[in-house]
Amino acid sequence: MQVLAPIRSPRWISTRRIFEQKISDLHKCTDPSQLKQVLAVIYKSNLHTDIFIATKLISAFSLCRQMRSAVTIHNQIRQPDAQAYNVLIRAHVRNSQPSQAFAAFSQMQSYGVRPNVFTYPFLLKAFSGLEIVAATHAHVEKFGFVEDILVLNSLIEAYSKCGLMGVCAAKKLFSLMVQRDHVSYNCMISGLAKAGQLTEARELFDEMPERDTVSWNAILDGYVKSGEVTVAFQLFQSMPLRDSVSWSTMVLGYRKAGNMEMARNLFDEMPVKNMVAWTIIISGYAEKGLLKEAMRLYNEMEEAGLKPDEGTIISILGACADSGMVGLGRRVHDSVKRNRFSFSIRVSNALVNMYVKCGCLDEALSIFHGMKERNSVSWSTMIHGLGLHGYGEKAVQLFSRMTREGFAPNKVTFLGILSACSHAGLVDEGIRYFYRMQRDYGVIPEIEHYGCMVDLLGRGGRLMEAFGLAHNMPFEPNDKICGALLAACRKHYAVTRAEDELKQLVQLDLKNTGNLSMLSDIYAATGDWTSVAGARLCMKNMSSEKPSGASSIELGDEYYEFTMMDRSHPKSDMIYQMIDQLGEHLRKIGYVHTASC
DNA sequence: CTAGGGTTAG
C-alpha cells in the first residue's frame, strides 16, 4: 500500500499532524501484516490512545477481519467518545458479530457516554427480531432522537426486516414522520416489497415526489422476489437510468424463473459487469448443473482481472454443494488459496459444506480442523456432514466437543445430530438429544425435528412409536413425515400393521413421486400388483407436472445428470445393455433381487 | 441511513 510507504522509521514521525495525513487513508490498506507494522510504529510514538488515530485503526483492522486488534485498540483509548463507540459497533456489525455490537452499545451506556444520531444506524444493522428493534426504538425516544430523519430511516429499515408485524410498525412510523426524504421512501418501498406487499409498495413508489434509481431498484427487486419477472422487465425497460444493480436484479429474476438464456442475454448486454452479476450468472449455471458453462465463466471472470469476493465464493460454493459439482468447487477453493483471500469463517463453512455434499468427507474434515475460529454454523455443518456419511458416533463426539468449547447448539445443530443418530441407528441416543434439546437448551422442536424423530424411530424399527409421534406432535404431518413413515414401513415390511394410518397420511402428499415410489414398493412387497400398477401409473401421469429426483456424476470435465428410465444420453442403449449384463452377472453369483428394496 | 449475489436443516 502506497500510503504506508513513507512511514519507515519513527524518525519520520515528529508530529501527530503528519500521522493524521497518513492515517486518513488507512482504511484502504487490506493487508493485516502491513497494518500490524503501522500499529507498531504508532505504539512507539504512544499515539494509540488518541481518539482520532485509534478510530481510524479500528476501522482499518475491522475491514480485514482483525477484530481482536480492533477491540484491543478500542480498549486503550483513554476517554472514548460516542464516535469511538460507533466505530467499534460498526466494526462488529461488519464482521457479523451482532452480540458483540450490542455489548459495545451496553458498555457505552454503562460508562455514561451519550449516543449520537450515528449510533443507531450502525446498531440497528446488527439486529434482527421485532423485540430488539422495538427496544431500540424506545431507547431512541428516551434519548430524544425521534425527530432525526437519519435515525427514523434506520428504524424503518430495521422494522421492515422483521416480518409482517415489523412492516406494520414501519408503516406507522413512516406515516407519523413530519419530514420524509427520498431515503425514507426507499426504505419503506423496499420493506413493503420484501414483505410481498407489492401493491402498497407500488402506490408509494408512484406517489414519490422524486425517484432516483434506488427507488426503481427497490421495486424491481420486489417484483423479482415475488416471481413476477415479466412485470419487472417492463419496469426495467421503462427506467430512465439503469445501473449495475438494476441489471443484476433482472439477471437474478430470469435465473430464478429458470430462464438461463434470457439471464445470459441480459448479462452479456450489461455495460459494466460487476462481481454480483458474475456471481448470479455463475451460480445460476452451477445450480442448473451446467458445469462447463459455469467453469468457463468463472475462468473468464478471473481473466478479466476480477477477484471473487466473499459473497461470490459463498454463493458459488453453495450452488456446487447443491448440484454436487466438486470440480468447480475445487476450482473456487484454489482461487481462495491463490488470492490469499484469508479464509473467513463463512468462506470456510461454505467450503466444508461443499465438500460434505460432494462426498469428500476427508477434505471437509481437514478444512474444519484447520479453522482458527469457528461459529455454530461450522459445528452444525460438520456434525451433519459426519452423520450424512454414516459416522454417527463421530458426530456425537463432535457435538460434545462443541458444547465443551462453549458453543450453544441451536435448532439446526439439533437437526444435524438427530439425523446423524438416525442414520447410525443410535435410537436411544437420539431420543435423549430430543429431550436435552428442550430441557437443557430451550430449543423448541419444529416440524423438522419431529421429522428427524419419526425417521429415527421408524428406521430403528419402532414403528408404533413413530406413528404415535406423527399423530401427537403439535403440527400437521407434511410430506417429509409421510416419507419417513413410508420408508420405515418399507424397511420393516410392516405393511398391514400400518396401512390404515398410512392411507390417512398419504392423502396429504400424493404429488411427491418419491413417496409414491415407496408406496409402490410396499405394495410390491405384499404382492399387491394391482396397487403397484396404480401407483406407477399415478407417478407417470405426474412426471409431466413435477420433475422427479435426479442423480448426477462428474467424470473428468463432464457433468452428467440422470433420472429414472432416462434415455437422453446418446449411448443410452449401450448403457442399459451394460446394466442388464451386470444384473445377469449378479444373479449368477447368487444375488436375489427383491421387489421391495 | 436507502437498492443487487451469500454458509448450517430431507
Side-chain angles (χ1 to χ4, degrees), chain A residues 96 117-118 120-122 124-125 148-158 160 181-191 193-194 212-222 224-225 243-253 255 274-284 308-319 321 344-354 356-357 375-385 387-388 409-419 422-423 446-449 451-452 454-455 478-481 483-484 487 512 514-515 549:
Chain A
S96 326
V117 290
F118 299 107
Y120 299 99
F122 294 153
L124 284 163
K125 281 225 174 291
D148 188 86
I149 201 157
L150 189 78
V151 174
L152 288 176
N153 289 347
S154 308
L155 272 170
I156 288 173
E157 195 214 345
S160 55
D181 63 4
H182 65 283
V183 179
S184 329
Y185 273 96
N186 291 342
C187 287
M188 200 61 240
I189 290 170
S190 155
K194 280 197 169 60
D212 58 13
T213 313
V214 178
S215 332
W216 287 85
N217 289 342
I219 197 104
L220 205 62
D221 180 52
V224 159
K225 291 267 152 69
D243 63 4
S244 55
V245 177
S246 334
W247 284 90
S248 47
T249 305
M250 279 321 300
V251 175
L252 181 70
R255 172 186 139 186
N274 61 354
M275 274 323 300
V276 176
W278 283 98
T279 306
I280 295 170
I281 199 83
I282 296 171
S283 308
D309 63 14
E310 194 185 33
T312 308
I313 286 163
I314 291 171
S315 172
I316 299 176
L317 286 176
S344 72
I345 294 191
R346 294 164 108 196
V347 165
S348 304
N349 290 349
L351 279 167
V352 170
N353 180 46
M354 185 274 294
V356 158
K357 297 287 162 61
N375 61 16
S376 30
V377 175
S378 330
W379 293 96
S380 304
T381 309
M382 203 60 249
I383 288 169
H384 177 249
L388 215 58
N410 61 22
K411 59 182 184 181
V412 184
T413 320
F414 280 105
L415 285 173
I417 193 72
L418 288 176
S419 81
S422 173
H423 286 300
E446 292 174 10
I447 189 156
E448 288 84 359
H449 296 101
C452 284
V454 168
D455 190 52
N478 62 12
D479 59 327
K480 300 274 165 54
I481 306 271
N512 187 320
N515 286 356

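We name chains A, B, ... by the order of the sequence lines, and we start the count at 1 in each one.
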Enquirer: Would you mind telling me which of B:dA9, B:dT7, B:dG10 lies closest to the side-chain atoms of A:Val412?
Expert: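 Of the options given, the side chain of A:Val412 lies nearest B:dA9.
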Enquirer: Hey, does A:Leu150 reach any base, or is it just sugar-phosphate, or nothing, if we go heavy atoms under 4.0 Å?
Expert: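 It contacts base atoms.
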Enquirer: Please state how far atom CG in A:Leu388 lies from atom P in B:dT8, giving the value in whole angstrom units.
Expert: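 A:Leu388 atom CG is separated from B:dT8 atom P by 13 Å.
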Enquirer: Once side-chain contact (heavy atoms from CB on, under 4.5 Å) is applied, do any residues pair with A:Asn349, and if so which ones, sequence neighbours excluded?
Expert: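 So A:Asn349 forms a side-chain contact (heavy atoms from CB on, under 4.5 Å) with A:Ile345, A:Met371, A:Asn375, A:Val377, A:Ser378.
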Enquirer: Reckon A:Ser283 touches a base, only the sugar-phosphate, or nothing at all at heavy-atom distances under 4.0 Å?
Expert: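 Here A:Ser283 touches no strand at all.
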Enquirer: Under 4.0 Å between a side-chain N or O of A:Lys225 and OP1 or OP2 of B:dG5?
Expert: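 For B:dG5, OP1 or OP2 has a side-chain N or O of A:Lys225 closer than 4.0 Å.
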Enquirer: Does a nitrogen or oxygen in the side chain of A:Lys194 sit under 4.0 Å from OP1 or OP2 of B:dT2?
Expert: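 Result: no.
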Enquirer: For A:Ser248, what residues pass the side-chain contact (heavy atoms from CB on, under 4.5 Å) criterion, not counting sequence neighbours?
Expert: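 A:Ser248: side-chain contact (heavy atoms from CB on, under 4.5 Å) contacts with A:Val276, A:Ala277, A:Ile280.
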Enquirer: Do any N or O atoms from the side chain of A:His449 and from the backbone of A:Lys411 form a donor-acceptor pair under 3.5 angstrom?
Expert: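 Here the side-chain-to-backbone pair exists.
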Enquirer: By nearest atom, which of the nucleotides B:dA3, B:dG6, B:dG10 is closest to the A:Glu157 side chain?
Expert: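 The listed nucleotide nearest to A:Glu157's side chain is B:dA3.
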Enquirer: Would you classify A:Thr279 as touching base, sugar-phosphate or nothing, given that sugar-phosphate means primed atoms plus P, OP1 and OP2, and contacts are heavy atoms under 4.0 Å?
Expert: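 Base, at least one base heavy atom under 4.0 Å.
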Enquirer: Confirm from the modelled atom types if A:Asp309 and B:dG6 form a donor-acceptor pair under 3.5 Å, side chain to base only.
Expert: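 No, the side chain and the base share no sub-3.5 Å donor-acceptor pair.
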Enquirer: Is A:Val245 close to A:Thr249 at the side-chain level, that is, under 4.5 Å between some pair of heavy atoms?
Expert: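 A side-chain contact exists here, since the closest heavy-atom pair is under 4.5 Å.
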Enquirer: Which is true for A:Lys125 with a 4.0 Å heavy-atom rule: it touches a base, it touches only sugar-phosphate, or it touches nothing?
Expert: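 Sugar-phosphate: the residue A:Lys125, judged by heavy atoms under 4.0 Å, touches backbone atoms but no base.
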Enquirer: Over how many whole Å does the gap from A:Glu446 atom CD to B:dT8 atom C1' extend?
Expert: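 Taking atom C1' of B:dT8 as the reference, CD of A:Glu446 is at 14 Å.
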Enquirer: Just call it for A:Thr312: base, sugar-phosphate, or nothing, with non-hydrogen atoms closer than 4.0 Å on any strand.
Expert: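 Contact class for A:Thr312: base.
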Enquirer: With heavy-atom distances below 4.5 Å as the criterion, would you say the side chains of A:Lys194 and A:Ser160 are in contact?
Expert: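 In short, these two side chains do not touch, never coming nearer than 4.5 Å.
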Enquirer: Whole-Å distance between B:dA3 P and A:Asn186 CG?
Expert: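 Going from CG in A:Asn186 over to P in B:dA3 covers 8 Å.
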Enquirer: What is the separation between atom CG on A:Asn353 and atom C1' on B:dG10, rounded to the nearest whole Å?
Expert: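 That distance rounds to 14 Å.
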Enquirer: For the pair made of CG in A:Asp243 and C1' in B:dT2, what is the distance, rounded to whole Å?
Expert: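 Roughly 13 Å, once rounded to whole Å.
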Enquirer: Between B:dT7, B:dA3, B:dG5, which nucleotide has the shortest distance from any of its atoms to the side chain of A:Met275?
Expert: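 Of all the options, the side chain of A:Met275 is nearest to B:dG5.
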Enquirer: OP1, OP2 of B:dG10 versus side-chain N and O of A:His384: anything below 4.0 Å?
Expert: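 True: A:His384 side-chain N/O within range (under 4.0 Å) of B:dG10 OP1/OP2.
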